[in-house]
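Everything below concerns the one structure shown next.
Just so you know, residue 1 is the first one in the sequence shown, and it goes up from there.
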Amino acid sequence: VEGDKVEVLGYNLLDISREEITELRQNVGLVLKDYYLYENLTFRQNLEKFKDIFTEISDTVIDHDLDYWLKSFGLDPEMKTSDADESDEIMYSVAKALLFDPKIILVEDHFSMLSIDNQFRIMNHLTERIVEGEMSAVMVQSNSEFIERYPGKIYMLEEHGTKVS
C-alpha cells in the first residue's frame, strides 16, 4: 500500500480489470477451511478435476505426477475423500494450492490443528519455494511455538493496531 496504490504482484487492486483479476488469481494459492472436495471421488480424482479446470482457464500445463505429489503431502491418492479426516483435508488443500506454483500463498490458521509432522511436511514444501525466491507465504498463525520455529516478518494484531516484529 503506497499512496493511492494497493499493489499485489504488480497489479494495482484499485484499478484492476477482470482479465487482470483472473491473471492475479492464477498466481495466488489459497489454503482455506472450505476444501471444495467431491466426496464420492478419491484425492487423485479431485486433484485431476481441479487441474483440468485450472488448465482450461489458464492454459497452464502441469507435469506433476499427481500420485507422487499427493504422497509428498502424506496423502493416499486412492483414498475417498468421504473417508478422510480434517487433517487429510487440510493437507489436500495445501497440495492443491501449491500444485500450480503460486507466487503468493495465503494460509488460514487451521494449520495448528495438524500434527507436528504434517506441519513440518508443509513447511518444508513452503520454505523450499520461499528460499528459492519463487513464492511468498502469508500465514495466519496463533501457535507461538510454531512462530518461533519459523521466524520471518511477523505482524501481531493487537487491540489498538498492528505491531511488526
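Counting non-hydrogen atoms of neighbouring residues, nucleotides and ligands closer than 6.0 angstrom, the CD atom of E132 exceeds 12 such neighbours.
In this structure, the side chains of R25 and T22 stay at 4.5 Å or more apart for every pair of heavy atoms. You'll find the side chain of K103 stays beyond 4.5 Å of the side chain of S136, heavy atoms only.
In this structure a side-chain-to-backbone donor-acceptor pair under 3.5 Å is present from D88 to D85. In this structure, the side chain of E134 does not engage the main chain of R129 through any donor-acceptor pair within 3.5 Å. Remark: side-chain polar atoms of K80 are not paired, donor with acceptor, to backbone N or O of T42 under 3.5 angstrom. A donor-acceptor pair under 3.5 Å links the side-chain atoms of N27 to the main chain of E23, judged by distance alone. Looking at E20, its side chain does come within 3.5 Å of a backbone N or O of S17 through a donor-acceptor pair. Between the side chain of T127 and the backbone N or O of M123, at least one donor-acceptor pair lies under 3.5 Å.
Rounding to the nearest 0.5 Å gives a distance of 8.5 Å between CD1 of I122 and CG of L98. Distance CD/Q45 to CD/E78: 7.5 Å, rounded to 0.5 Å. Within the model, atoms CD1 of I105 and CG of L126 stand 5.5 Å from one another, a figure rounded to the nearest 0.5 Å. T81 contributes atom OG1, which lies 5.0 Å from atom CG of N46 (distance to the nearest 0.5 angstrom). Put simply, OG on S87 and CG on L75 are 8.5 Å apart, with the number rounded to the nearest 0.5 Å. With rounding to the nearest 0.5 Å, the separation of CG in L47 from CZ in R44 is 10.0 Å.
Across all their heavy atoms, L70 and A95 have their closest contact at CD2-CB, 4.5 Å. Taking both residues in full, the closest heavy atoms of P102 and G29 are given as CB-N, 3.4 Å, listed atom of the first, atom of the second, then distance.
Residues passing the side chain to side chain donor-acceptor pair (under 3.5 Å) test with R121 are N118, sequence neighbours excluded. For E7, the salt bridge (Lys or Arg N to Asp or Glu O under 4.0 Å) criterion is met by K5, not counting sequence neighbours. Residues forming a side chain to side chain donor-acceptor pair (under 3.5 Å) with D76 (at least two apart in sequence, or on another chain): none.
Under a hydrophobic-cluster definition in which Ile, Leu, Val, Met, Phe, Trp and Tyr are linked whenever side-chain heavy atoms come within less than 4.5 Å, directly or via other members, L99 and Y38 are assigned to different clusters. When hydrophobic clusters are built by joining Ile, Leu, Val, Met, Phe, Trp and Tyr residues whose side-chain heavy atoms come closer than 4.5 Å, directly or via intermediates, L14 is grouped together with L24.
Ring geometry, F50 versus F100: the interplanar angle exceeds 60°, so the pair is classed perpendicular (tilted spans 30 to 60°).
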For this session: Start with the C-alpha distance between H125 and V94, add both sets of side-chain angles, then the distance that settles side chain to side chain contact (heavy atoms under 4.5 Å, CB included), and finish with yes or no.
Result: CA-CA 9 Å; H125 280 281; V94 175; 5.8 Å; no
Exercise. Between M135 and I104, does a side chain to side chain contact (heavy atoms under 4.5 Å, CB included) hold up when you go through it step by step?
Worked result: CA-CA 5 Å; M135 183 183 74; I104 298 175; 5.8 Å; no
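The one candidate from F43, F73, W69 that meets the ring-ring contact (aromatic ring centres under 6.0 Å, His included) condition with Y92 is F43.
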